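Below is one structure, written out as C-alpha cells; the observations come after it.
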Amino acid sequence: MKKRLLKVTAAVCAMLLGLTACGKSNDSADKVYKIGICQIVQHDALDAATQGFKDALIKKLGEDHVKFDYQDASGDSATCATIANGFASANVDLILANATAPLQAAAAATTEIPILGTSITDYAVALELKDWSGATGINVSGTSDLAPLEEQAAMIQELFPADKFAKVGILYCTAEPNSLYQVEVVTKELEKLGYTVTPYAFTDTNDVSSVCTTAANASDVMYIPTDNTAASNTGIIDQICRPAKVPIVTGEEGICAGCGVATLSISYYELGYTTGEMAYEVLVNHADVSKMEVKYAPNTTKKYNKEICDELGIKIPDDYVAIEK
C-alpha cells in the first residue's frame with residue numbers, strides 16, 4: 001500500500017511540475033514586447049534603418065509578439081526629449097533611438113530601460129563618453145553608420161583632384177555633434193591631400209538655402225557628411241548646387257540620391273536589421289546591453305548618381321555602382 005501511495009504521489013508531483021513548466025513556457029510564448037522607436041526625421045536612410053530593425057524583430061519574435069510605438073520627432077531635439085520621456089513613463093521593454101538626438105534624449109530619460117541606437121556616427125561623441133572601448137558601460141548600445149572617412153576623402157581625390165578642384169566646401173548642421181566630428185576628420189584628411197577646406201555650417205532648415213548658396217559660390221567641390229538635416233533638405237541643396245555646376249560628394253546614399261554625385265555607401269537597412277538582432281538578444285536572451293559592443297556596417301560600396309553626373313559631365317570609374325531610384 002505504501003509503495004502504491006508513493007508511486008501515486010510521485011506521479012502527481014511529476015504532473016504538477018510539468019504543468020508548472022508548461023505554464024512558464026506559455027507565459028514566455030504569450031509575451032508581447034513593447035518597443036518605443038524615436039526617429040529624428042523621415043528620410044530614406046533613417047527609414048530604411050527603422051524598417052530593417054522592425055523586420056529583424058518580427059522575423060525572430062513573430063508579428064504577434066512585438067508592438068512598435070514609432071514616433072517621428074520632425075527634426076526637433078525638444079520633441080525627441082518628449083518622446084523619450086513618454087517611452088520611459090510607459091515602461092517600454094526597449095527603446096530604439098534612430099539618430100543622435102533621439103539617442104541623447106533616450107539616455108537622459110532613463111538609465112534602466114535598454115536603449116539601442118542606429119544611424120549613430122560616434123557613440124563616444126554623442127554620449128560624451130571617455131575612455132571609449134567599444135561598449136558604453138551604460139544602458140546603451142547599437143550600431144554605427146560611420147563609413148571610413150579616410151576613404152571618403154580619397155574618393156574626393158579620385159574624382160576631383162586637388163590640382164583642378166582646390167577648394168572644398170563642407171556643408172553641415174551645427175545641431176548635430178556627429179556631423180561636426182566627421183567634418184573635423186575629413187578636413188584633416190583633405191588638407192593632407194592638398195585641398196583648401198572651408199566648413200559651412202547652418203543651424204537648422206531655415207538657413208540651409210543661404211549657407212548652401214555661399215558655399216556653392218566659393219567652392220570647386222562640396223562634401224556633406226551623414227547629416228540628417230541636410231538629408232531632409234536635399235531638394236534645396238540640389239536646386240542651388242546643380243545649376244552652379246558644383247559637384248557634391250556625400251557621406252551616405254540617401255543624400256547622394258537627392259543632390260550628390262558620389263558616395264561611399266553602407267546599407268542602412270542592414271544596419272537596422274543588425275540592431276534588431278541585438279534587440280532580440282537583449283529582450284529574449286537577457287544580454288547585458290552595457291557590455292554589448294557597438295557594431296559597424298560590414299560592407300561599403302562606391303555609388304554614384306547617374307543623372308547628376310551626366311548633367312555635370314563627370315566621368316565615373318567602372319568600379320562605382322549607379323544608385324537605383
Side-chain angles (χ1 to χ4, degrees), residues 45-46 49 99-100 103 117-129 132-134 142-162 165-202 215 219-231 234 237 247-257 259-268 270-271 274 293-305 316-317 319-321 323:
L46 299 187
T100 301
L103 183 76
T118 191
S119 313
I120 311 296
T121 304
D122 188 291
Y123 283 76
V125 171
L127 299 174
E128 298 182 352
L129 301 174
W132 176 248
S133 62
T143 55
S144 170
D145 63 354
L146 181 63
L149 296 174
E150 289 183 13
E151 293 181 27
Q152 292 187 22
M155 174 178 282
I156 293 174
Q157 183 187 42
E158 178 182 38
L159 298 175
F160 308 104
F165 300 85
K167 295 180 290 184
V168 178
I170 302 184
L171 187 69
Y172 74 102
C173 180
T174 56
E176 300 189 35
N178 279 320
S179 293
L180 178 58
Y181 168 78
Q182 293 172 81
V183 170
E184 291 173 344
V185 174
V186 171
T187 295
K188 291 178 182 178
E189 294 300 322
L190 288 173
E191 288 176 344
K192 290 178 186 175
L193 297 172
Y195 293 92
T196 299
V197 183
T198 305
Y200 294 91
F202 56 88
S219 306
D220 298 317
V221 59
M222 287 170 56
Y223 173 76
I224 301 176
T226 54
D227 185 288
N228 295 307
T229 310
T234 56
I237 296 169
I248 303 172
V249 174
T250 72
E252 58 95 0
E253 183 175 337
I255 301 176
C256 189
C259 64
V261 296
T263 184
L264 190 63
S265 177
I266 65 170
S267 168
Y268 277 81
E270 290 180 3
L271 199 70
T274 297
E293 290 198 357
V294 169
K295 296 186 178 182
Y296 295 83
N299 302 305
T300 57
T301 305
K302 291 180 176 181
K303 292 194 172 184
Y304 73 102
N305 185 325
I316 297 294
D319 60 336
Y320 283 65
V321 177
I323 294 173

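Here, residue 1 is the first one in the sequence, and each next residue gets the next number. As the structure is a computational prediction, the values presented were derived from the model and not from experiment. Basis for what follows: all heavy atoms, side chains included, without hydrogens, waters or symmetry-related copies.
Applying the ring-ring contact (aromatic ring centres under 6.0 Å, His included) rule to Phe160 yields the partners Phe165; only residues at least two apart in sequence or on another chain are considered. Residues meeting the side chain to side chain contact (heavy atoms under 4.5 Å, CB included) test with Thr229, sequence neighbours left out: Cys173, Glu176, Phe202, Thr205, Asp227, Asn233. The salt bridge (Lys or Arg N to Asp or Glu O under 4.0 Å) test applied to Lys192 returns Glu189, not counting sequence neighbours. With sequence neighbours left out, Glu184 forms a side chain to side chain contact (heavy atoms under 4.5 Å, CB included) with Leu180.
Between Leu129 and Tyr123 the shortest heavy-atom distance is CD1-O, 4.1 Å. Across all their heavy atoms, Gly117 and Leu103 have their closest contact at CA-CD1, 4.0 Å. Here the closest heavy-atom approach between residue Pro225 and residue Leu171 is recorded as CD-O, 3.3 Å. Asp220 and Ala166 make their closest contact through OD2-N, 3.1 Å (heavy atoms, listed as atom of the first residue, atom of the second, distance). The nearest pair of heavy atoms linking Ala162 to Tyr195 is N-OH, 3.4 Å. Taking all atoms of both residues into account, the shortest heavy-atom contact from Cys259 to Ile224 is SG-CD1, 4.2 Å.
Put simply, the side chain of Ser119 never gets that close to the backbone of Ala99: no donor and acceptor are under 3.5 Å apart. A donor-acceptor pair is defined here as one N or O able to donate and one able to accept, closer than 3.5 Å; no such pair exists between the side chain of Tyr296 and the backbone of Ala147. The main-chain N or O of Met222 is never found under 3.5 Å from a side-chain atom of Ser219 such that the two would form a donor-acceptor pair. Checked by atom type and distance alone, the side chain of Asn305 pairs as donor or acceptor with a backbone atom of Cys256 at under 3.5 Å.
Sorted by first and then second residue, the salt bridge (Lys or Arg N to Asp or Glu O under 4.0 Å) pairs involving residues 247-257 (not counting sequence neighbours) are Glu253-Lys303. Counting only residues at least two apart or on different chains, the side-chain hydrogen bond (donor to acceptor under 3.5 Å, both in side chains) pairs with a member in residues 149-161 are Gln152-Tyr223, Glu158-Lys302, Glu158-Tyr320.
Taking CG of Asp122 as the reference point, atom OG1 of Thr100 lies at 9.0 Å (rounded to 0.5 Å). The OG1 atom of Thr196 sits 8.5 Å away from atom NZ of Lys167, with the distance rounded to the nearest 0.5 Å. Ile156 CD1 to Leu264 CG: the interatomic distance, rounded to the nearest 0.5 Å, is 11.0 Å. If you take CG on Asn178 and OG1 on Thr121, they are separated by 4.0 Å, rounding to the nearest 0.5 Å. Taken to the nearest 0.5 Å, the CG atom of Leu271 stands 6.5 Å off from the CG atom of Asp145.
A donor and an acceptor atom, one from each side chain of Ser265 and Thr301, are nowhere located under 3.5 Å apart.
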Please step through side-chain contact (heavy atoms from CB on, under 4.5 Å) for the pair Ile266 and Thr300, ending with a clear verdict.
CA-CA 5 Å; Ile266 65 170; Thr300 57; 3.9 Å; yes
